[in-house]
Protein chains: 2
Amino acid sequence: MADLNNLLTPLFLNEKEIRKIIELMFFSYRDFTSGPDRVLEQIKFGRAHHRVIYFVGKRNNLTIKELLKILQITKQSLSRVLNQLVKEKYIILSIGEDKRTKKLTLSKRGYDLEKKLSNIQINKIYNVIKNFEESDINSFKKVLYKMIDINNQRKFDEIN
Amino acid sequence: MADLNNLLTPLFLNEKEIRKIIELMFFSYRDFTSGPDRVLEQIKFGRAHHRVIYFVGKRNNLTIKELLKILQITKQSLSRVLNQLVKEKYIILSIGEDKRTKKLTLSKRGYDLEKKLSNIQINKIYNVIKNFEESDINSFKKVLYKMIDINNQRKFDEIN
DNA sequence: TATTTAGGTCAGCCATATTGACTTAATTAT
DNA sequence: ATAATTAAGTCAATATGGCTGACCTAAATA
């Protein structure tokens, strides 16, 4: 690694400045998830449920395998959450063309919950970025994108 | 809330673009924590231990109360993690001037672990931001900062 | 026909968080 | 001087979200 405290290093590459970014990531992510968390608590769901309905909502007819690839958790971890969402009719299962696969779709109920939860985050982000120049937001997105591991950048590209 | 799909809304304020930011936050934060997580696993610690030694390392002689304010967890949650760190001599406790308080300091052992863990994140961030213009990084930090809840922005300012 | 793939399930474990109740010792306010 | 508040600690119970390992079925593919 380069010597981050070298006098020739630009100021913004100093360890102190980088540690600020570490803290910005920690604090911003925590506040970013806290809104939906409070709503989820009331219906006895957790953050994991939000993630599932978020990505199912984004891509209807997602298979379990595709969902696991996005979430990067084990199928055992997913199963508890997914079974609850299916049992409580937020998500509808159907058989795929390949009959081994199952397709996941949001019901109206699931769609409404997805909207309710994601809108909290969408509004929060909207209220932040509306006060910036488009160029600031583009920089923000570019940098955040590069913070993702290279193989997961590809996954992000696939779903977008 | 404004209509995010209104034709007059700038493109970068569209719901679709905002959802990309949601996903960037999710993927980047996950990859941001995965490095330290793997190291912590080997010594039977978790992410919570990293947070504690991170902030103790940042501000030596931090009190329990101040630490709780930063982490925003209950003292019961902190106690398990902190007791382990003290028992295994990563953190040294001492009595404050106000004898009700305790001051937390990293031992050499704790300092070394802090460096080892944080350097993973520092290097990751360094390798990302070195390829950007300083203005991009400034935009990135400004936007991320505003993503923090207003009262927590103050806490960030206090420690920086 | 054999192998691989998609999905499911059971059991047990661990980490991180919570709430509530209660204690001790020290400081501060009345 | 006494009462109230504060900092810290502890016990117990609970929830969530992850994990590993083992094992199963049914469908697709080699």
Side-chain angles (χ1 to χ4, degrees), chain A residues 26 29-31 33-34 36-56 61-88 91-104 117, chain B residues 26 29-31 33-34 36-56 61-88 91-104 117:
Chain A
F26 170 59
Y29 191 75
R30 191 178 57 186
D31 290 343
T33 51
S34 64
D37 283 353
R38 277 191 290 272
V39 174
L40 287 157
E41 214 183 359
Q42 292 165 348
I43 52 174
K44 306 243 179 171
F45 280 171
R47 201 177 290 180
H49 298 83
H50 184 195
R51 282 179 199 146
V52 169
I53 62 170
Y54 180 91
F55 287 111
V56 173
N61 292 317
L62 203 65
T63 65
I64 306 255
K65 198 197 174 189
E66 289 165 337
L67 184 54
L68 287 173
K69 196 182 164 192
I70 293 169
L71 297 175
Q72 289 185 191
I73 55 175
T74 59
K75 63 178 173 178
Q76 294 94 323
S77 294
L78 176 60
S79 91
R80 183 174 20 86
V81 169
L82 184 56
N83 285 339
Q84 285 174 298
L85 288 167
V86 171
K87 191 172 288 170
E88 300 185 30
I91 284 182
I92 312 290
L93 294 182
S94 60
I95 305 286
E97 291 146 59
D98 179 338
K99 286 174 189 162
R100 289 172 305 179
T101 66
K102 286 184 182 166
K103 292 180 169 181
L104 310 177
L117 295 170
Chain B
F26 170 60
Y29 192 76
R30 191 177 57 185
D31 290 344
T33 52
S34 64
D37 283 353
R38 277 190 292 273
V39 174
L40 287 157
E41 213 182 0
Q42 293 165 350
I43 52 173
K44 307 240 177 173
F45 280 170
R47 200 177 291 178
H49 299 82
H50 184 196
R51 281 178 202 149
V52 169
I53 61 169
Y54 179 92
F55 287 110
V56 173
N61 291 317
L62 203 65
T63 66
I64 306 253
K65 199 199 174 188
E66 288 165 338
L67 184 53
L68 286 173
K69 194 181 163 191
I70 293 168
L71 297 176
Q72 289 185 193
I73 55 174
T74 59
K75 62 179 175 179
Q76 294 94 323
S77 294
L78 176 59
S79 91
R80 182 184 27 89
V81 168
L82 184 55
N83 287 338
Q84 286 173 298
L85 288 167
V86 170
K87 191 172 287 169
E88 299 184 30
I91 284 181
I92 312 291
L93 293 182
S94 61
I95 305 287
E97 291 145 58
D98 178 338
K99 285 171 188 164
R100 290 172 304 179
T101 66
K102 285 185 182 166
K103 290 180 169 181
L104 310 177
L117 295 171

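- To the nearest angstrom, P of D:dG18 lies 17 Å from CG of B:L40.
- The residue B:N83 sits close only to the backbone: its heavy atoms come under 4.0 Å of sugar-phosphate atoms, none of a base.
- If you measure from atom CG of B:L67 to atom C1' of D:dA8, you get 13 Å, rounded to the nearest angstrom.
- Each of B:K44 and A:K75 was assigned the nucleotide of DNA chain C with the nearest heavy atom; the assignment lying further toward the 5' end belongs to A:K75.
- Within 4.0 Å (heavy atoms only), A:K65 reaches sugar-phosphate atoms of the nucleic acid but no base atom.
- Note: CD1 (A:I64) to C1' (D:dA27) measures 16 Å, nearest angstrom.
- Between D:dA28, D:dG18, D:dT5, one nucleotide has an atom nearer to the side chain of A:D98 than all others, and that is D:dA28.
- If you take NZ of A:K87 and C1' of C:dG8, they are 13 Å apart, rounded to a whole angstrom.
- Here A:K102 lies in heavy-atom contact (under 4.0 Å) with sugar-phosphate atoms only.
- B:T74 comes within 4.0 angstrom of a base, heavy atoms only.
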**Request:** Verify salt bridge (Lys or Arg N to Asp or Glu O under 4.0 Å) between B:E66 and B:K103, making sure each step is shown before the conclusion.
**Result:** CA-CA 10 Å; B:E66 288 165 338; B:K103 290 180 169 181; over 6 Å; no

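- By the 30° and 60° cut-offs, the orientation of the rings of A:Y54 relative to A:H50 is perpendicular.
- A residue-by-residue look at A:R51 and B:S79 shows that B:S79 has its nearest nucleotide of DNA chain D further toward the 5' end.
- Judged by distance alone, with hydrogens and angles left aside, A:K99 brings no side-chain donor or acceptor close enough to the base of D:dA27 to form a pair under 3.5 Å.
- Of the residues listed (A:I53, A:V56, A:V86, A:T63), the one engaging A:L104 in a side chain to side chain contact (heavy atoms under 4.5 Å, CB included) is A:V56, and it is the only one.
- Of the candidate nucleotides D:dA22, D:dT10, D:dG17, D:dA22 has the atom lying nearest to any side-chain atom of A:Q76.
- At the phosphate of D:dG17, OP1 or OP2 sits under 4.0 Å from a side-chain N or O atom of A:H49.
- Side-chain to base pairing of A:R80 with D:dG17: one donor and one acceptor N or O lie within less than 3.5 Å of each other.
- A:I95 contributes atom CD1, which lies 8.0 Å from atom CG of A:L93 (distance to the nearest 0.5 angstrom).
- Distance B:L78 CG to C:dT19 P: 15 Å, rounded to the nearest Å.
- For B:T101, the listed nucleotide lying nearest its side chain is D:dA7; candidates were C:dT5, C:dA17, D:dA7.
- For the pair A:R30 and A:F26, the cation-pi criterion (under 6.0 Å, within 45° of the ring axis) is fulfilled.
- Of the candidates D:dG18, C:dA17, D:dG17, D:dG18 carries the atom nearest the A:I73 side chain, counting heavy atoms from C-beta on.
- When the nucleotides C:dT18, D:dA8, C:dT27 are ranked by their closest atom to the side chain of B:S77, C:dT18 comes out on top.
- Residue B:E97 is in sugar-phosphate contact alone, with no base atom involved, counting any heavy-atom pair closer than 4.0 Å across all strands shown.
- Taking both residues in full, the closest heavy atoms of A:L85 and A:V52 are given as CD1-CG1, 3.6 Å, listed atom of the first, atom of the second, then distance.
- Here D:dG17 is the nucleotide among C:dT27, C:dA6, D:dG17 with the atom lying nearest to any side-chain atom of A:V81.
- Between A:D37 atom CG and C:dT16 atom P the separation is 17 Å, expressed in whole Å.
- The interatomic distance linking B:R100 (CZ) with D:dT5 (P) rounds to 13 Å, in whole Å.
- The separation between A:K103 atom NZ and C:dA6 atom P is 14 Å, rounded to whole Å.
- Across C:dT16, D:dT20, D:dG9, the shortest atom-to-atom separation from the side chain of B:R47 is found for C:dT16.
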